[in-house]
There are 2 protein chains.
Amino acid sequence: MQETATPKRGGARERILELAEAATLEKGFGATSIEELIAGAGISKSGFFHHFRDKNALAKALIERYLANDEVILDGLFARGDELSEDPLQSFLIGLKLFAEMLADLPEAHPGCLAASFVYQEQLFDGEVRALSRRSFLRWRARFAERFDAIAAKYPPRVPIDRAALADMAAALIDGGITLGKSLKDAKILPAQVLHFRNYVRLLFDPAI
Amino acid sequence: MQETATPKRGGARERILELAEAATLEKGFGATSIEELIAGAGISKSGFFHHFRDKNALAKALIERYLANDEVILDGLFARGDELSEDPLQSFLIGLKLFAEMLADLPEAHPGCLAASFVYQEQLFDGEVRALSRRSFLRWRARFAERFDAIAAKYPPRVPIDRAALADMAAALIDGGITLGKSLKDAKILPAQVLHFRNYVRLLFDPAI
DNA sequence: GGCGTAGCTGTACCGCAAGTACGGTCGCGG
DNA sequence: CCGCGACCGTACTTGCGGTACAGCTACGCC
């Protein structure tokens, strides 16, 4: 974690993205000025516009980075769940628990969901940005729905359910949990909601309960 | 739906709030310019600042109006649930169903949750605005938790639950459902999520399932 | 009937942030 | 040594939030 005191040549783009992500999650994209970013990154305004055509391009790069990173993390957790159990239900429940634990272990509250924060907040994003988060949501829906299919095939659900809606529930709960936690400044809300979702899945499928 | 062609004297404040709410939910508060509001409302810039000290005051008035309106609507639905059944669980389930039906009957997708849209998006709001939505969340948590107490007293839950976290789940699901519905432009997501919450409550408490 | 006040209009101006334009500099690989 | 990518510097335009005043009008109230 080297300080930006040294205006090291090269890598300015990465520094900008880092600063912009933190600032956006803290106070919103609109409230994050280019001037504050270039001051923090130690580059000039021309330097900024050399890397990003305009603020919109920054938003796009930001969310691409964010979504890719999220995907790696979550994939890792559920892959670990698959390693620890062959049962589709158990491995999914393990994945959820690992996720909740990871969230609970964050020193502060989860900084926020960039994708969600961009859903509100300006049309500006010429549709490209919205399309990006849209596709990301759909990918998660498909991925979760697939797991629910495998689970339902082995454990008939207690009540009939719509796999897509159940997958959406995870996304909605995570997003809403982040928002709620942010508003109430309570880091425990988000992991608690993930565990509630886990509990719901158990009540739906787990015959042992 | 009368056009604002007639610059009717009086009521400009109300017109501003109406326009500002729609614009904020569509593209964000930051992207909503005062100039576009006064153009739409047919008043001058001085007129705007006569009603609102600054943009922050507009945000505050906006969210006050929004939260009060929400409260009236939701209270009405759950009061109706209480009328239709004396059983705490049943009346709550009825309230949730009425809520889901109301959401499903909206011609378009729910326009969005102002409280949530203000959680991200600028520190600007001198804390007053954040405090408002914060208190609103806490009030809902208390109100729902009370109902869960009554329900749990009569129907012991299938698994131990935290009443506050369960109340938060409703808020998180609604907020996340709105966001998801907005992003995917699918009006059915939100009511589906409310019904999922209802389903969870049933699985937790209803002995008949 | 005079008087204040709410609800505006109009004009002029400031500061800041986004974005444009364009020329110059430095280091590195071919 | 040439070009190109990664910048720096300066200067300028535009739009928006916000300030500062001066004035106008309809309505309610003592």
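In the text below, chain A, chain B and the rest are named by the order of the sequence lines, each starting its count at 1.
- The ring pair (Phe, Tyr, Trp, His ring centres under 6.0 Å) check on B:F78 picks up B:F92, B:F144, with sequence neighbours excluded.
- For the pair B:R13 CZ and C:dG7 C1', the computed distance is 12 Å after rounding to whole Å.
- Contact annotation: B:H50 does not reach the phosphate of C:dC8 (side-chain N/O to OP1 or OP2, under 4.0 Å).
- Every pair passing side-chain hydrogen bond (donor to acceptor under 3.5 Å, both in side chains) that includes a residue from residues 170-182 of chain A is listed here, sequence neighbours excluded: A:D175-B:T179, A:T179-B:D175.
- Applying the salt bridge (charged side-chain N to carboxylate O under 4.0 Å, His left out) test to residues at least two apart or on different chains, the pairs with a partner in residues 162-174 of chain A are A:R141-A:D168, A:D149-A:R163.
- A:R80 places no side-chain N or O within 3.5 Å of a backbone atom of A:G95 that could act as its donor or acceptor partner.
- Proximity of A:H51 to the phosphate of D:dC7: a side-chain N or O atom is located under 4.0 Å from OP1 or OP2.
- Rounded to whole angstrom, the span from the CD1 atom of B:I38 across to the C1' atom of C:dC8 amounts to 12 Å.
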Check the interface with nucleotides 16-23 of chain D: list each N/O to N/O pair with the protein under 3.5 Å, or write none.
residue: D:dG17; atom: OP1; partner: B:K55; partner atom: NZ; Å: 3.3
residue: D:dG17; atom: OP2; partner: B:I34; partner atom: N; Å: 3.0
residue: D:dG17; atom: N7; partner: B:K45; partner atom: NZ; Å: 3.2
residue: D:dG18; atom: OP2; partner: B:K55; partner atom: N; Å: 2.9
residue: D:dG18; atom: N7; partner: B:K45; partner atom: NZ; Å: 3.3
residue: D:dG18; atom: O6; partner: B:K45; partner atom: NZ; Å: 3.2

Could you go through residues 184-196 of chain A and list every donor-acceptor pair under 3.5 Å that involves a side-chain atom there, pairing it with any protein atom two or more places apart or in another chain?
residue: A:D186; atom: OD1; partner: A:K188; partner atom: N; Å: 2.9
residue: A:Q193; atom: NE2; partner: B:A165; partner atom: O; Å: 2.9
residue: A:H196; atom: ND1; partner: B:Y200; partner atom: OH; Å: 2.8

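- Residues passing the side chain to side chain contact (heavy atoms under 4.5 Å, CB included) test with A:E18, sequence neighbours excluded: A:R65.
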